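See below for the structure under consideration.
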Amino acid sequence: MKICCIGAGHVGGPTMAMIALKCPDVRVTVVDINKERIAGWNSNQLPVYEPGLSEVVKQCRGRNLFFSTDIEEAIQASDMIFVSVNTPTKTYGIGAGKAADLRYWEQCARRIAAVSHEDKIVVEKSTLPVRTAESLRAVLKANGQGCRFEILSNPEFLAEGTAIRDLENPDRVLIGHDDTNSGRAASEKLVEIYARWVPHEKILTSNIWSSELSKLVANAFLAQRVSSINSISALCEATGADVDEVAVAVGGDSRVGPKFLKASIGFGGSCFQKDISNLIYLCEHYGLHEVAEYWSQVIKINDWQKSRFTRRMVETMFNTVAGKRIAIFGFAFKKDTNDTRESPAINVCRDLLNEQAQLSIYDPRVTEVAIRRDLEAATGLSGASFQKRIMVEKDAYAAVESAHAVAILTEWDEFRNLDYNRIRQVMLKPGFIFDGRNILSPEASRMLCPAVYGIGKPNASART
Ligand code: UDX
Ligand code: UDX
């Protein structure tokens, strides 16, 4: 069996590496239009950082896992083609800001149709609006060379930072197929691949529309939990309750469960905002305005939470941060990834820069190039004006030298274990620590009191 995947990103790369690891007899080729990305996958500096990923790639690369830019050859040689290209939110025209931009997907479908001389199974790996398969079928049929295409939907549920763990031991695998004999046969072929390492009861098959919609809904439900607890974090700050204690008490009810109740500066990442916006757009399309409004609120609370954090910083620091150096710990949208897409750190940094602060930023995995790219896009600053306002530092201690405050924006483990007494000493007084991820232990916070301000934590000054 030969398979290929178009799109060597955060989803396509790790997913194919895991299939190659578990199925040594399957030849897996990952292709991408981006030459640098492919060169990265063929080097020792993989373009995607995920714990455990480089070990898996090293084991399979050159054996049954290949990375290439020859998309045409890979399509022709494969029985099954996964498509995992990006589906960003549209920034133009009808549905701008909400609908998914499907142009890359359509281009891929046209290319598959144009170069295929044999029957193929096309697998939707990207998260797509419900009923995309219908359009794909039309494009493939109209442009094909007489061969048959079966379309499957196989959304990926991995979370970044835990991709290898999630792929190795998924809660479930979902495969949507047409309710026809050939649709069922195609689905069976994909089931066989996963069944090499995933127990049969965890491989769910469904109709193709349920599968497409389930991915959007799963992300919407997860994001909704984060927005729910974040809305309560504000009430905790106002009342003296502690949001972590509330989360433990509420999550202790097995009907609710403990996961995804960690208050934060807001959710980020490439999926939540994009997928909820897409869900809202679909609801509006079907005239379901109340449903659209309901899910819009999840995003509104998230935007509010991000700006609330900066507002609280400014108010606490005597209503001005102008000219003050502020150390930023963490820029990625969560720990254990170098991904910064929709990272709440971008909003916080932008808002602080608007308040005329100086920033010294440190993230263990995000490169200076990526930080510059994101902040230039968000603020319009560049060249000398950027240099004057923003420093990217090599470690946390360098970032806090002469800083008025620290803002912890990503929950990297190394930030828990820093010597905060040393940090206090090199900071200006009174120093403030704004813990946007609640990673400092209550003991550490008490020791440093009154300097630590957590999310949904009683105000530091109220505790003295
Ligand atoms: C993407 C989608 O954003 C997500 O909705 C989906 O579930 C999986 O695919 P991700 O892998 O994180 O997620 O995106 P990204 O890291 O941007 O990778 C996409 C890759 O596709 C890029 O490397 C890009 O160069 C490539 N691509 C894009 C193509 O090879 N061909 C195209 O026509 C467009
Ligand atoms: C998410 C889904 O979890 C995954 O199943 C899907 O396939 C893709 O989208 P991802 O975006 O990689 O994965 O990360 P996730 O761990 O879900 O975190 C998303 C955001 O929510 C992060 O910014 C994270 O910090 C935040 N978050 C998460 C919280 O603020 N609190 C929580 O309790 C959990």
Side-chain angles (χ1 to χ4, degrees), residues 5-16 30-38 40-41 47-48 50 67-69 71 74 82-89 100-111 124-129 153-163 166-167 170-172 174 214-216 218-230 233 243-244 247 251 258-276 278 302 305-306 330 332-345 409-411 436-438 455:
C5 176
I6 308 179
H10 291 263
V11 172
T15 310
M16 291 302 123
V30 190
V31 290
D32 201 295
I33 47 172
N34 184 332
K35 290 193 177 64
E36 277 170 31
R37 256 212 172 165
I38 291 298
W41 282 107
V48 169
E50 279 289 342
F67 295 93
S68 155
T69 49
I71 300 180
F82 292 77
V83 185
S84 183
V85 299
N86 38 339
T87 50
T89 306
D101 190 341
L102 295 175
R103 69 165 126 175
Y104 305 120
W105 242 102
E106 186 172 330
Q107 281 161 16
C108 287
R110 287 180 186 276
R111 199 152 186 181
E124 298 177 344
K125 203 50 162 157
S126 310
T127 306
L128 295 165
S153 159
N154 173 221
E156 186 47 64
F157 292 102
L158 69 81
E160 289 178 34
T162 51
D166 297 343
L167 286 164
D171 283 348
R172 78 303 203 190
L174 180 59
S214 296
K215 178 62 201 282
L216 288 183
N219 275 348
F221 270 59
L222 290 171
Q224 181 195 42
R225 284 174 70 96
V226 179
S227 275
S228 296
I229 197 72
N230 282 344
S233 73
V243 76
D244 283 335
K259 293 179 182 164
F260 262 71
L261 287 178
K262 192 101 194 74
S264 63
I265 38 171
F267 59 74
S270 66
C271 291
F272 282 1
Q273 165 117 7
K274 166 173 78 77
D275 292 351
I276 300 173
N278 195 202
N302 198 47
Q305 184 76 351
K306 288 185 272 189
F333 82 97
K334 60 188 252 190
K335 73 170 180 177
D336 290 339
T337 177
N338 58 346
D339 196 350
T340 62
R341 285 177 289 180
E342 302 289 342
S343 177
L409 304 187
T410 311
E411 72 280 23
R437 298 289 187 162
N438 289 345
I455 300 274

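Start at 1 and go down the list; that is how both ligands and their atoms are numbered. Owing to the predicted nature of the structure, the values given are computational and were not obtained by experimental measurement.
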Subject >> side-chain hydrogen bond (donor to acceptor under 3.5 Å, both in side chains) between Thr69 and Lys35, worked out >> reply: CA-CA 6 Å; Thr69 49; Lys35 290 193 177 64; 5.9 Å; no

Original post:
Does Glu156 come within less than 4.0 Å of Lys125, counting only side-chain N to carboxylate O?
Top reply: yes

Original post:
Could Glu160 and Arg341 be called an ion pair, given the rule that one side-chain N must be under 4.0 Å from one carboxylate O?
Top reply: yes

Using only atom types and a distance under 3.5 Å, with no angle test, would you say the side chain of [X] pairs donor to acceptor with the backbone of [Y]?
| X | Y | answer |
| --- | --- | --- |
| Thr410 | Ala332 | yes |
| Glu50 | Gly161 | yes |
| Trp41 | Ala8 | yes |

Sub-4.0 Å atoms of ligand 1 with respect to non-hydrogen atoms of [X]:
| X | answer |
| --- | --- |
| Gly9 | 11 (O), 15 (P), 16 (O), 18 (O) |
| Ser84 | 8 (C), 9 (O), 19 (C) |
| Arg37 | 15 (P), 16 (O), 18 (O), 22 (C), 23 (O) |
| Asn34 | 25 (O) |

Original post:
With hydrogens left out, which residues have an atom under 4.0 Å from ligand 2, given that only heavy atoms count?
Top reply: Glu156, Phe157, Leu158, Ala159, Glu160, Lys215, Asn219, Leu222, Val226, Phe260, Leu261, Lys262, Ser264, Phe267, Gly268, Cys271, Phe272, Phe333, Lys334, Arg437

Subject >> Shortest non-hydrogen contact between Ser153 and Glu124, atoms and distance >> reply: CB-OE1, 3.5 Å

**OP:** Can you see which heavy atom on Pro258 is nearest to which on Arg225, and at what distance?
**Re:** C-NH2, 4.3 Å

Original post:
Does any N/O atom on Ile33 come nearer than 3.5 Å to any N/O atom on ligand 1?
Top reply: yes

